[in-house]
Amino acid sequence: MPANVLRALGVIELALGDWGLTDLVFLHQSQVKSAVAQYGANKFEMKQAVMHIFGLPQPPSPDDSADGLAIAYAAQCGARANVA
């Protein structure tokens, strides 16, 4: 991971720890894709899958919102593993 991402994760972990939230879940991209669509799914396929799962009338926009929904869904489904 790039140094900036690791620094950001450290700040987030520190802040969450201050609130007593210490059981963090880190998902790898392949885990999210497996839970939402299929391994190797492209961005368009992921957006379509998120749209279907959540019953949305159109794909989420911007892409980051679709990514966030996919990650939340994968975590809720139990696609958990600490890979950081």
Side-chain angles (χ1 to χ4, degrees):
M1 273 189 214
N4 291 348
V5 172
L6 293 174
R7 286 187 196 112
L9 283 173
V11 170
I12 291 167
E13 286 186 72
L14 180 64
L16 290 173
D18 287 345
W19 292 336
L21 302 171
T22 57
D23 188 22
L24 302 178
V25 175
F26 295 95
L27 297 174
H28 190 269
Q29 176 182 354
S30 62
Q31 292 170 299
V32 175
K33 286 184 177 185
S34 292
V36 174
Q38 60 185 0
Y39 180 78
N42 63 33
K43 184 64 89 172
F44 176 77
E45 292 167 331
M46 289 295 291
K47 286 178 85 169
Q48 292 295 316
V50 167
M51 184 178 81
H52 176 75
I53 289 167
F54 289 98
L56 302 174
Q58 58 191 28
S61 182
D63 289 346
D64 291 342
S65 60
D67 294 343
L69 288 170
I71 292 166
Y73 179 79
Q76 185 65 30
C77 289
R80 298 172 180 226
N82 288 323
V83 294

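Keep in mind that the numbers below use all heavy atoms, side chains included, and drop hydrogens, waters and symmetry copies.
No more than 12 heavy atoms of other residues, nucleotides or ligands sit less than 6.0 Å from atom CD of Gln29.
A continuous path of Ile, Leu, Val, Met, Phe, Trp and Tyr side chains, each step under 4.5 Å between heavy atoms, connects Trp19 with Ile12, placing both in one hydrophobic cluster. In the hydrophobic clustering of ILVMFWY residues, with side-chain heavy atoms under 4.5 Å counting as a link, Leu14 and Leu21 come out apart.
Minimum heavy-atom separation, Lys33 to Ala41: NZ-O, 2.8 Å. Scanning both residues, Gln58 and Met51, for their nearest heavy atoms gives C-SD, 3.3 Å. Minimum heavy-atom separation, Leu27 to Ala75: CD1-N, 3.8 Å.
Contact check for Leu69 versus Pro60: side-chain heavy atoms found under the 4.5 Å cut-off.
Remark: side-chain polar atoms of Gln31 are paired, donor with acceptor, to backbone N or O of His28 under 3.5 angstrom.
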Walk me through whether Met46 and Val32 qualify under side-chain contact (heavy atoms from CB on, under 4.5 Å). CA-CA 9 Å; Met46 289 295 291; Val32 175; 4.1 Å; yes

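With rounding to the nearest 0.5 angstrom, the OG atom of Ser65 is 9.0 Å from the CG atom of Leu56.
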